[in-house]
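Below is one structure, written out as C-alpha cells; the observations come after it.
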Amino acid sequence: MVAISTTNLDKNATYGITGEVHAAIINEFGKRPLGNPSSIHSSGQRARFLIEEARSSVAELVGAGGGDRVIFTSGASEANNCVILGTALNPRAHIITSTIEHPSVLEAVREGARRGALTTEVTVGRSGTLITEDVLSAIRPDTRLISIMYANNETGSVQPVTEIGATLRKLSCSAIFHSDVVQALGKVNFNFKESLLDFASISAHKIGGLAGIGALIGRAGIEITPLIYGGPQEKRARAGTENTIGIFSFGVAARALIKEGMHRYKKLEENREIVWSVIRDTLPGVLPTVDLKNTLPNTLSLILPNINSADLVVALDLEGIEISSGSACASGKPGPSHVMLAMGLSDDEARRVIRISVGSEDSPDSLKTAAQRIVSTIKRMAHE
Ligand code: PLP
C-alpha cells in the first residue's frame, strides 16, 4: 500500500482526531466491554462514569457551571436545530438570525418559518462582521430567539456576540440568546457565562474529537424543548442511548484544550502567519476576503485572481495538501458560498475564494512547505 501523507490545512472542516484522543480511545475501549450507560451492571456504570467525566470537562472548557447544562447531541447541527425548532413551536414566535450563519442554523430558521414562525435574517456588509445595532434594531415585542454565530466558519470573522449579549441584558430583553460557537471553541477565549448566552452549540470534531457528537450548553434554569423524544437520557432533553465513545472523545479533546490554555491561540496565529507570509510575499494579487485582525487566529480566507477555487482544491489534493473552497458542508454542492454572496461578492468572485485553516500542533516546516506548494500550484494554474 502506498502511504500518502497529507497536510490538513482544512481544520475548520474537521480538525482530525488528535493523537491524544486516539490513544485514549484505544486505551479505554480496546480491552474492556462497553455497556449501555443506563445499565446498572459494571460495564454500564463505567460508561456512565466516562460520560459524566466528559460532561465536566466540556463544561469547564466552555466556562459553564452553577447549574448550567451540557446536553450531548449528535453534533452541533442537532444542537442548533433543537434550540431553533423548539422556539418555533411557540405560536408565531419571531426569530432573528443572520445571513452568514451555518446551514444548520439558517435552514432550521427557514423550516421554522415554514411552520409559522416569523423570521428576520440580518444582513452583513463587505467586512463580514455583523453590526450590533443591526441585530438589536430587528428586535420586536414578539421576538423569542436571537441566534448569532460566534465566528464564521468560512471567513473566520468574529461576530459581536458578547456585545450583543451585554446590550440584551441592559435592555432586559426576554428573548432567548443563542450562539453557534462551533468554530470559536479552542481558537478564541470563549466563555459561556461571560457571553451572557442562554444557549451555545458546540461540536467535538472541530476540536480534535470524533464527528457525530456535539453539545447544547444551556443556562441554568432555562427550559430545553427536546427535538428527540423517547427515553429519559440527558435528563429528558435528548432521548437515545448515549454515544459513549463520541462523548468520551469530546471530553478528552476538551481536557487537552484546557491544558494548552491561552498559549494555543498564539500558536494558531503564528502558524497562520507562516502560511500567509509565504503567500503574501510571493503572490501580491491574492488578498484576504476580510480584515485578518478580526478573525479566528487560524483562518485565512483568500480571494484568488482568475483561478477557480474548486480547481485549486483538486490540484492541491493531488499534492497532498487539503484546503477548502468554501465550508465543508457547502463544498459538496455546486455554486458559490452563501456567506460570500451575503457579503456582497459577485458570483465570479465567490468562486475564487479559498479557505486555509491551520491547527496549533502543525509544524512550522510542514506549513512552510505546504504554503510554497500552494504558491507554485497557483502560479502554474495561472499560466495554463
Ligand atoms: N456550525 C458551524 C459554524 C460549523 O462550522 C459546523 C460544521 O461545519 C456546524 C455548525 C455543524 O456541526 P456538526 O458537524 O457537529 O453538525
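As the structure is a computational prediction, the values presented were derived from the model and not from experiment. Counting starts at 1 for both ligands and their atoms, following the listed order. Nothing fancy with the numbering, it's 1 onward along the sequence.
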**Report entry** Numbered atoms and elements of ligand 1 in range of His205, under 4.0 angstrom, heavy atoms
**Finding:** 13 (P), 14 (O), 15 (O)
Query raised in the report: Between Ala76 and ligand 1, is there a nitrogen or oxygen pair with a distance under 3.5 Å?
Result: yes
**Report entry** Ionic contact status for Glu60 with Arg55, cut-off 4.0 Å
**Finding:** no
Requested in this report: Dump the intermediate steps for salt bridge (Lys or Arg N to Asp or Glu O under 4.0 Å) on Arg264 and Glu260, then the final yes or no.
Outcome: CA-CA 6 Å; Arg264 179 181 170 87; Glu260 248 187 290; 2.9 Å; yes
Requested in this report: Heavy-atom contacts with Ser77 under 4.0 Å: which atoms of ligand 1 show up? List them by number with element.
Outcome: 11 (C), 12 (O), 13 (P), 16 (O)
**Report entry** ligand 1-proximal atoms of Ser104, by part, heavy-atom distance under 4.0 Å
**Finding:** side chain
Query raised in the report: Does a side-chain heavy-atom distance below 4.5 Å link Met343 with Thr155?
Result: yes
Report summary line: Note: Glu78, heavy atoms under 4.0 Å from ligand 1, region reported as neither
Query - Side-chain donor or acceptor of Ser309 paired with backbone N/O of Ile354 under 3.5 Å - result: no
Query raised in the report: Under 3.5 Å between some N or O of ligand 1 and some N or O of Asn12?
Result: no
Report task. Give the intermediate values and the outcome of side-chain contact (heavy atoms from CB on, under 4.5 Å) for residues Arg352 and Asn308. Result -> CA-CA 5 Å; Arg352 287 188 278 117; Asn308 182 292; 5.8 Å; no
Query raised in the report: Ring centroid separation for Phe29 and Phe248, is it under 6.0 angstrom?
Result: yes
Query raised in the report: So which of Ala79, Ser203, Gly214, Gly209 gets nearest to atom 15 (O) of ligand 1, if we judge by its closest heavy atom?
Result: Ser203
